[in-house]
Amino acid sequence: MSAAYNQDFFVSWEELHRDTRQLCAMLMEDASYPFKGIIAVTRGGLIPAAIVARELDIRLIDTVCIASYEGTEAQERSESLRVIKPAAGDGTGMLLVDDLVDTGATARKLREMLPGATFATVYAKPEGRPLVDHCVRTVTQDTWIRFPWDMELNFSAPLVERKK
């Protein structure tokens, strides 16, 4: 974890699923609903996008592929981002889905590329939150979110044994 991150927020598969379904309920109230399709931001947005597609019965799914992290270091400027694959069109009628908006660098680039899209993330940090239309939960800027696809299940010794 980078020095900029002083806290961890562990997200289980169940929490991610519940939070993404809550996001879907919010999206059903959006003026742009129903959406023509989804644009998933790879890699983190793929799993939330699959849940959204199921919950909102959306079959058309595209991706936009952007490299925005080097390990645990978020790229601070949009010129540091690598667009590997853009999505088709300007996003009109589409729902753009990502797991998280952090510094806002990726979100600014996505807004530039897809100005007509409705942008939804499951989680947001304060620096990036103004750039998305919908999110379920906001965490502090110094929190590193530990998503379930980044973790393994390991045995945890009882506390009493750790003191020995």
Side-chain angles (χ1 to χ4, degrees), residues 1-30 33 35 37-58 61-76 78 80-82 84-85 87 94-111 114 117-159 162:
M1 183 172 8
S2 164
Y5 299 104
N6 299 313
Q7 300 180 65
D8 282 308
F9 175 52
F10 291 87
V11 178
S12 69
W13 286 110
E14 292 79 12
E15 282 176 296
L16 178 73
H17 194 246
R18 182 199 66 231
D19 289 344
T20 305
R21 288 190 73 204
Q22 184 178 344
L23 179 64
C24 291
M26 295 166 70
L27 291 167
M28 291 171 67
E29 301 299 320
D30 188 278
Y33 180 79
F35 302 99
I38 292 172
I39 301 170
V41 181
T42 67
R43 295 175 302 201
L46 290 170
I47 292 169
I51 296 167
V52 171
R54 178 190 183 274
E55 296 299 328
L56 300 184
D57 194 28
I58 298 173
I61 301 174
D62 193 1
T63 59
V64 60
C65 307
I66 296 181
S68 60
Y69 278 85
E70 292 294 328
T72 60
E73 297 298 320
Q75 302 303 303
E76 297 297 324
S78 31
S80 303
L81 302 173
R82 285 186 310 122
I84 300 162
K85 179 202 158 295
M94 300 293 282
L95 175 63
L96 181 60
V97 177
D98 205 355
D99 57 346
L100 163 72
V101 61
D102 191 330
T103 64
T106 302
R108 275 187 287 284
K109 185 68 172 176
L110 290 166
R111 284 287 194 197
L114 302 161
T118 298
F119 194 178
T121 62
V122 184
Y123 305 105
K125 294 184 182 180
E127 287 180 26
R129 176 59 182 101
L131 296 164
V132 299
D133 300 305
H134 301 281
C135 82
V136 172
R137 189 180 301 182
T138 303
V139 298
T140 60
Q141 198 67 42
D142 68 340
T143 298
W144 184 259
I145 299 179
R146 304 285 181 173
F147 287 101
W149 52 82
D150 291 330
M151 297 182 285
E152 295 178 349
L153 295 177
N154 291 307
F155 173 76
S156 179
L159 292 175
R162 293 182 195 174

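Each residue takes its place number in the sequence, starting with 1.
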I66 side, atom CD1; R43 side, atom CZ - distance, nearest 0.5 Å: 13.0 Å
Y33 vs T118, side-chain contact (heavy atoms from CB on, under 4.5 Å): CA-CA, chis, key distance, verdict: CA-CA 9 Å; Y33 180 79; T118 298; over 6 Å; no
Nearest heavy atoms of L81 and A105, plus distance in Å: CD1-O, 3.5 Å
Separation between OH of Y123 and OG1 of T20, rounded to the nearest 0.5 Å: 6.5 Å
Heavy-atom pair with the smallest gap, counting every atom of L46 and A40: CD2-CB, 4.0 Å
Trace of the side-chain contact (heavy atoms from CB on, under 4.5 Å) decision for K85 with D62: CA-CA 10 Å; K85 179 202 158 295; D62 193 1; 3.0 Å; yes
Positive for side-chain contact (heavy atoms from CB on, under 4.5 Å) with R137, one of L100, T121, D19, I145: D19
side-chain contact (heavy atoms from CB on, under 4.5 Å) partner of L96, the single match among I39, I38, V132: I39
Atom pair OG (S12) and NE2 (H17), whose distance is rounded to the nearest 0.5 Å: 11.5 Å
Residues which pass ring-ring contact (aromatic ring centres under 6.0 Å, His included) with W149, listed by chain and number, not counting sequence neighbours: F147
Results of side-chain hydrogen bond (donor to acceptor under 3.5 Å, both in side chains) for R111 - residues two or more places apart only: D133
Nearest non-hydrogen partners of L95 and A120, listed with the distance: CD1-CB, 4.0 Å
Partners meeting side-chain hydrogen bond (donor to acceptor under 3.5 Å, both in side chains) with T140 (sequence neighbours left out): Q7, D142, T143
Gap between atom NZ of K125 and atom OH of Y5 - 0.5 Å precision: 4.0 Å
Non-hydrogen side-chain atoms of R21 and V136 separated by less than 4.5 Å: no
Side-chain heavy atoms of P148 within contact of V11, under 4.5 Å: yes
Residues in side-chain hydrogen bond (donor to acceptor under 3.5 Å, both in side chains) contact with R54, at least two apart in sequence or another chain: none
Counterpart residues, ring-ring contact (aromatic ring centres under 6.0 Å, His included), relative to F119 (two or more places apart): none
List the atom pairs, with distances to 0.1 Å, where a side-chain N or O of residues 22-30 and a protein N or O form a donor-acceptor pair under 3.5 Å, not counting sequence neighbours.
residue: D30; atom: OD1; partner: S32; partner atom: N; Å: 2.7
residue: D30; atom: OD1; partner: S32; partner atom: OG; Å: 3.4
residue: D30; atom: OD2; partner: H134; partner atom: NE2; Å: 2.6

Side chain Q141, main chain E127, donor-acceptor under 3.5 Å: yes
A107 versus V101, closest heavy-atom pair with distance: CB-CG2, 3.7 Å
